[in-house]
Amino acid sequence: MFWALDAAILALALAGHFALGLAYANHVHTLRLPRGVIALGTRTGQLAFVVIWATIAWWFYRHGFGIVARPAGDSIPAVFVLFLLVTVPIGAGPVPLWFYRRLWPRPCPQLRASISTPYDLVERLGRHPIAPGVRARVAQLPGNQCFEIDLAEKELVLPRLPESLDGLSIAHLSDLHLHDGLFEQAFYDEAIELTNELRADLVMITGDLIDHRACIDWIPPLLGRLESRWGGFAIFGNHDWLVGECPALEAAVAAAGLTYLGGRWHRLLVDGEEIWLAGNELPWLPPAAPLDARPRRGADGRPLSIALVHTPDQYAWARRGDFDLMLSGHTHGGQVALPRLGPLFAASRTGVRYASGVFYEAPTVLHVSRGLAGCEPLRFNCRPEVTKLTLRCPAGRRSSADDAVQELIAVG
């Protein structure tokens, strides 16, 4: 009896320890630190994870695995008791709850419809569009989907969307990670062509445009080819900040015909309907668009407000700002997702909670893109994506408006 209880305690401790290690790794990648410091912190955390568990396992191996009923005088070291007191409750509570939420997720009521079509760029181009080297061999591993772009189309219900904007569409791009010596320009040329095939009214890019200074020159000819009815908008992300050439990058974005929204508001008129856009690049490029400057909302819910935010960690900011829609990226969907469970790692303080997809916490609908690329050409069960978001009014309000139109037609 006691051996089974001891085994359960150690298993829960291992699960809790693993969860803490993942939480640490997720959090490190949200910090406003140089790339080398983040890499060092990650490696240090990985080493500490292994050393701590190996030390505890060795001690129990040498002294017997009994915990509940140990021989008199053979006590467990206080530091190990503290370890068990911390990790066992985590393994017994949050870990099973995490599994439950991942295995039986609640559908987001604001996501009305979603379809996606994968495009294999290797087939389209007739080759792997990546520079030769170790990363090229990684990219060509069986099952790696880094060259399979999902062309996704989603309908989002915004509770306060004006009837006149029903059907407004947004092409959402994120995390291009242009890097001289990684993906060839042909990869991005195809991604732009796929984006244009969506024929969206607006194009919005939520950061991490570049990973290399030389790629600033790619921006005008590449992003300048984006097509939309009402314009394109962009913010920067942590990798843009790390490159350290934000003024030159901003000039390149402007040369591409895009409006840069970092830390500011922008008023847009769409068929006479007012829309306010705002940018937030925190914590890397402060400040965010000031919430005290947000437009006053009328009793009818107008004007529509949309936030372009690099990381979903700023979701609380968007909700405080009473935004209708927030677009973000940064997490890459975790890049590696397990069947049913999804990813284990995402660069977010909330772990994988907002790794990708559509979420709703009143009053803001959040869409997190899996992005196009990354520092490593590694995607398993997690294709890169280009997304068209079509905004819809709530069904009841839209049908009432349609009835009114039909009545006017009948009277006429």
Side-chain angles (χ1 to χ4, degrees), residues 13-58 79 82-83 86-87 90 130-131 133-139 141 144 146 174-183 207-215 236-246 249 281-286 310-314 328-337 343-355 370-371 373-380 382:
L14 178 59
H17 184 48
F18 187 71
L20 286 174
L22 279 177
Y24 170 82
N26 289 331
H27 187 76
V28 164
H29 287 79
T30 70
L31 302 177
R32 191 176 186 269
L33 295 171
R35 195 172 306 180
V37 176
I38 290 177
L40 178 61
T42 302
R43 299 292 180 268
T44 302
Q46 291 170 341
L47 179 62
F49 175 86
V50 173
V51 169
I52 289 172
W53 188 253
T55 301
I56 292 174
W58 175 251
V79 66
L82 179 61
F83 173 83
V86 171
T87 57
I90 295 174
I130 189 170
V134 175
R135 287 174 171 170
R137 291 193 287 273
V138 171
L141 289 173
N144 195 343
C146 65
S174 195
D175 299 272
L176 281 66
H177 289 275
L178 300 177
H179 189 302
D180 189 21
L182 189 55
F183 288 160
D208 277 0
L209 276 65
I210 61 171
D211 266 338
H212 198 277
R213 287 182 177 86
C215 294
F236 300 156
N238 56 306
H239 284 255
D240 303 312
W241 169 71
L242 286 167
V243 170
E245 297 286 348
C246 287
L249 183 58
E281 303 161 324
L282 293 177
W284 302 281
L285 290 165
H310 182 57
T311 171
D313 285 348
Q314 294 296 316
S328 69
H330 183 59
T331 58
H332 302 185
Q335 292 199 200
V336 177
L344 296 179
F345 170 81
S348 170
R349 293 195 302 267
T350 59
V352 299
R353 181 176 181 179
Y354 304 117
R370 297 194 300 270
C375 295
E376 302 297 336
L378 196 66
R379 295 266 185 166
F380 287 92
C382 184

_Trace of the side-chain contact (heavy atoms from CB on, under 4.5 Å) decision for Leu249 with Val243_ = CA-CA 10 Å; Leu249 183 58; Val243 170; over 6 Å; no

*Could you please spell out the steps behind the side-chain contact (heavy atoms from CB on, under 4.5 Å) verdict for Arg370 and Cys382?*
CA-CA 8 Å; Arg370 297 194 300 270; Cys382 184; 3.7 Å; yes

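To the nearest 0.5 angstrom, Glu281 atom CD is 13.0 Å from His330 atom NE2. Taken from SG in Cys375 to NE2 in His332, the straight-line distance is 7.0 Å, to the nearest 0.5 Å. For the atom pair CG of Leu182 and NE2 of His212, the computed distance is 11.0 Å after rounding to the nearest 0.5 Å. Separation of atoms CZ (Phe83) and CD1 (Ile52) is listed at 7.0 Å; rounding is to 0.5 Å. With rounding to the nearest 0.5 Å, the separation of OG1 in Thr30 from CZ in Arg349 is 6.0 Å. Rounding to the nearest 0.5 Å gives a distance of 8.0 Å between NE2 of His17 and OG1 of Thr87.
Across Ala373 and Leu176, no two heavy atoms sit closer than the pair CB-O, 3.2 Å. In terms of heavy-atom proximity, Leu378 sits nearest to Cys146 at N-CB, 4.4 Å. Taking every heavy atom of both residues into account, Phe183 and Pro377 meet most closely at CE2-CB, 3.8 Å. Across all their heavy atoms, Gly334 and Pro343 have their closest contact at CA-CB, 3.8 Å.
With a 4.5 Å cut-off on side-chain heavy atoms, Asn26 and Arg353 do not count as touching. Using a 4.5 Å heavy-atom cutoff, the side chains of Pro286 and Arg32 are in contact.
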Residues 43-51 side chain polar contacts: donor-acceptor under 3.5 Å, at least two apart:
residue	atom	partner	partner atom	Å
Thr44	OG1	Leu40	O	2.7

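A donor-acceptor distance shorter than 3.5 angstrom exists from the side chain of Thr331 to the backbone of Ala355, with no hydrogens or angles considered. Distance alone, capped at 3.5 Å, is enough to place a donor-acceptor pair between the Asn144 side chain and the Arg379 backbone. Proximity of a side-chain donor or acceptor of Asn238 to a complementary backbone N or O of Asp208 within less than 3.5 Å is not detected.
Around atom CZ of Phe18, no more than 12 heavy atoms belonging to other residues, nucleotides or ligands sit under 6.0 Å away.
Every residue two or more places apart in sequence or in another chain that forms a ring pair (Phe, Tyr, Trp, His ring centres under 6.0 Å) with His239 is listed here: His177. The ring pair (Phe, Tyr, Trp, His ring centres under 6.0 Å) test applied to His29 returns Phe345, not counting sequence neighbours.
No close placement of the His310 and Trp241 rings is indicated, their centers lying 6.0 Å or farther apart.
When each of Asp240, Leu31, Thr311 is paired with Trp284, the side-chain contact (heavy atoms from CB on, under 4.5 Å) condition holds for Thr311 and for no other.
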